Each structure stands twice: as structure tokens, then as C-alpha cells.
Amino acid sequence: MIDVQGLTKEYGSVRAVDDLTFTVTPGQVTGFLGPNGAGKSTTMRMILGLDRPIAGQALIDGKPYAEWKQPLRKVGALLDAKAVHSGRSAANHLKWLAHSNGIPLRRVDEVLGIVGLSDVAGKPAGGFSLGMGQRLGLAAALLGDPEVLLLDEPVNGLDPEGIHWVRTLVRSLAAEGRTVLISSHLLSEMAQTADQLLVIGRGRLIANQPVGEFVQNHAASAVLVRAEHLSELADALRAEGLSATQDTDAEGRARLVVPDTTTDYVGKLAYSVGVPLAELTARRASLEEAFMHMTKDDVQYHAGTKGDGNVA
Ligand SMILES: Nc1ncnc2c1ncn2[C@@H]1O[C@H](COP(=O)(O)OP(=O)(O)OP(=O)(O)O)[C@@H](O)[C@H]1O
């Protein structure tokens, strides 16, 4: 369990993290989202004792990270996968970490196998691709078989197979009862990986809820309907107090978009007014729509604008 209370950090005049309070519970994947510069990495660094807050605290199972005697056995973290001595081989990098945390050396071969790097174990990490570096970072995070995992952008640089593998891995780690906090800008991926979402903007907490609830609360779903007699159906919908707008689908066919209703309702109504349907589809809101809606006032760095924050 990670317990963050009133965590606050400033860099000069920039308040990077502002009075953040949340808990991350075991047995589920918690996704950590926020626009660029929102304070995700800074929060993770403070949880790991790498940055000192100006107020508040972060505890891991009741103690600050620094008080765990063999921290890698308690918490596995992937923050900056490039933070590896470039001349050192993957295996030696992991052996060095294992040694400093009292972890048996046979675990090094195990984690290299888990992340698919056994064949390049003896090669210098400096020559690794971005994706291989991420895999090595994940191997280091898993080395101590930790109960708590903090993964900052773990799928960065991974190919589709790698992304799928990370998703399966973190879901199985959570299913084993571990605490998993994971940040990513790939929202469609996060929608499939996370159970719970923590969303921050400009250092402040703006949502902490299950993924499905977040999407339902912050993005509109709609029913899409095609029929030969669209205007009759539109009239019937409006008579029932529903708004229906007409547009065309990808194949250029006219359809109605009816927000805030269900396919069951529209289907029954069409039947009652004798309009045969050619298509009746629920358009589910996406995590991306919900995220854009929730964070639109907190985006500091827009394409084509100067932004109003300090550029990192
Ligand atoms: N070492 C530092 N010195 C000065 N400012 C910093 C430092 N680290 C972070 N910041 C600032 O703190 C704010 C939060 O940055 P942080 O990297 O935590 O955000 P983030 O949510 O992880 O962003 P991204 O999604 O782009 O990785 C930003 O305004 C950033 O410029």
C-alpha cells in the first residue's frame, strides 16, 4: 500500500506537486495520468525518497522508502530506464543491484528470462535499443520480487508485442496481490491495463476513481442509428425529449447520433413507430475523451502555443 498525504514540492517558483493526497491499494493496477508537466514523475520520485517534499509525506506500508533496509525487496521501480552504466552488461548491472540488496544472484537469470533479455545478458547496456533498455529497467524493478511496483512510462519505446507483454505482466502482478502504480500517456493502453485511475493536473489531484466510472462520468456516450426513414425516427425521439443530430458514417451513410440514451430504448421506440432499423450501435465514450475533457484546463504545453509553464 502506498499512502500519500499532503505531498507538496516546489522547484523555484514552480509548484510541481500541490497538496496531493491518495492511497494506492494492493491487488489492482492503479494508472497515474496527467498532461506533460503535471507532476507524475516528481510524485513518484518523492514516494521513492529521491526528491524531498516541502510538505506532506509518502509512506510505503507505513514507512518512508528510505527506512526499508532492503528497499528493492519491498519496492520495484522503473523511473528512468536510461539510468544504467552504459559499459556494464545487463547481467552485471542486475548482479550489482542484487548484491546491494541481499538478493540471491540466481534471481538475475530469472528476471532476464521474464523480460526476454537472456540472449543479450552479456552485452553492454549502452548498446541497447530504447525497448531493450525498458525491458532491463523492468527486470531491475522485478529483481527483489517486490510487493509494490512503481512504473513510470514502462511501455515507452516498446513494440506492440512488448506493450501487450507489459499489460499482461502488470495485471498478473496485481492479481497476485501486489500494489502497482503505473504512468503512461498511451490512454487506450491504460484503459485496458488499469483498474483505478489517479489523474493529476498542475500538481493537483483531479480524479481518483475506477476507470469505468471515470469514463462514464467525464465523457459522453451515444447511440448511433441508421434507418431508411430517419426523419420519422428523429421526430419520435424529439417527441420523447431526446436530442438527435444527423451526420454521416465512415461510408457516407446518413445516421442519427442520440446522446444520453440506450440502444434498448431507441430500438423499442423505433419499433413502436414502425421504423425498421438498419443499424443500432452504442458508441462508448473513451478514456481519451474523458481525459481530454477533465484535463483541458490543466494542459500547460499545447502544440502551436508557447504554454505558460516553464519548459522542462
Ligand atoms: N529537477 C527539476 N528542476 C526544476 N523543475 C522541475 C524539475 N523536475 C520537474 N520540474 C518541473 O515540475 C513540473 C512537474 O514535472 P514532472 O516531470 O513531475 O511532470 P510529469 O507529469 O511527469 O510530466 P511528463 O508527462 O512530461 O513526464 C514541471 O513543471 C517540470 O518542469
Side-chain angles (χ1 to χ4, degrees), residues 2 4-22 24 29-58 60 65-66 75-83 130-131 133-134 137-138 141 148-158 163 166 170 180-191 193-194 196-209 211 214 218 287-288 290-312:
I2 303 170
V4 166
Q5 295 289 334
L7 208 59
T8 304
K9 174 76 185 172
E10 284 174 356
Y11 291 109
S13 61
V14 176
R15 184 161 277 216
V17 173
D18 192 359
D19 195 18
L20 214 49
T21 295
F22 60 79
V24 184
V29 177
T30 301
F32 198 20
L33 303 185
N36 286 136
K40 303 177 295 295
S41 302
T42 305
T43 303
M44 285 185 163
R45 290 176 58 79
M46 286 192 284
I47 294 171
L48 294 167
L50 296 169
D51 261 332
R52 194 189 285 265
I54 59 161
Q57 63 175 6
I60 293 166
Y65 180 87
V75 186
L78 171 69
L79 282 195
D80 179 2
K82 293 188 289 300
L130 184 58
Q134 286 294 109
L138 280 162
V148 178
L149 282 138
L150 263 79
L151 308 174
D152 197 5
E153 299 278 350
V155 299
N156 189 20
L158 292 183
I163 293 174
V166 170
V170 298
V180 184
L181 181 64
I182 172 173
S183 81
S184 175
H185 288 293
L186 293 183
L187 296 177
S188 56
E189 186 50 37
M190 195 61 109
T193 308
Q196 183 77 13
L197 284 185
L198 283 170
V199 185
I200 63 171
R202 294 184 193 257
R204 268 172 269 144
L205 189 68
I206 50 183
N208 181 3
Q209 59 192 151
V211 179
F214 178 79
H218 306 296
L287 176 57
E288 182 173 74
F291 177 81
M292 304 283 257
H293 172 73
M294 270 305 271
T295 58
K296 63 182 186 307
D297 297 331
D298 293 301
V299 175
Q300 284 168 278
Y301 308 111
H302 297 270
T305 68
K306 274 182 87 181
D308 58 0
N310 290 352
V311 177

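What you are looking at is a predicted structure, and each value in this text was computed from that prediction instead of being measured. For ligands, and for the atoms within them, numbers begin at 1 and follow the listed sequence. FYI, side chains are in, hydrogens and waters are out, and symmetry mates aren't considered; it's all heavy atoms of this structure.
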Once ring pair (Phe, Tyr, Trp, His ring centres under 6.0 Å) is applied, do any residues pair with Phe291, and if so which ones, sequence neighbours excluded?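 None.
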Which residues pass the side-chain contact (heavy atoms from CB on, under 4.5 Å) test with Asp18, not counting sequence neighbours?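 Residues passing side-chain contact (heavy atoms from CB on, under 4.5 Å) with Asp18: Arg15, Arg204.
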Counting only heavy atoms closer than 4.0 Å, does ligand 1 sit against the backbone of His185, its side chain, both, or neither?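 Within the 4.0 Å criterion, His185 contacts ligand 1 through side-chain atoms alone.
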Using a 4.0 Å heavy-atom cut-off, say whether Val14 meets ligand 1 through its side chain, its backbone, both or neither.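 Under 4.0 Å from ligand 1, Val14 contributes side-chain atoms alone.
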Going by the order shown, which atoms of ligand 1 are within less than 4.0 Å of some heavy atom of [X]?
X: Asn36; value: 23 (O), 24 (P), 25 (O), 26 (O)
X: Ala16; value: 12 (O), 13 (C), 14 (C)
X: Thr42; value: 9 (C), 14 (C), 15 (O), 16 (P), 18 (O)

Which of these, Leu181, Leu138, Val166, sits in a side chain to side chain contact (heavy atoms under 4.5 Å, CB included) with Leu151?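 It is Leu138; the other options fail the test.
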Answer yes if the side chains of Asp152 and Ser183 hold a donor-acceptor pair under 3.5 Å, and no otherwise.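 A pair is found: one side chain offers a donor N or O, the other an acceptor, under 3.5 Å apart.
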Backbone or side-chain N or O of [X] under 3.5 Å from ligand 1 N or O:
X: Gly34; result: no
X: Thr43; result: no
X: Ala38; result: yes

Is the closest side-chain heavy-atom distance between Leu187 and Met292 below 4.5 Å?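 No - every pair of side-chain heavy atoms lies 4.5 Å or more apart.
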Distance from Met44 atom CE to Asp51 atom CG, nearest 0.5 Å?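 Going from the CE atom of Met44 to the CG atom of Asp51 covers 13.5 Å.
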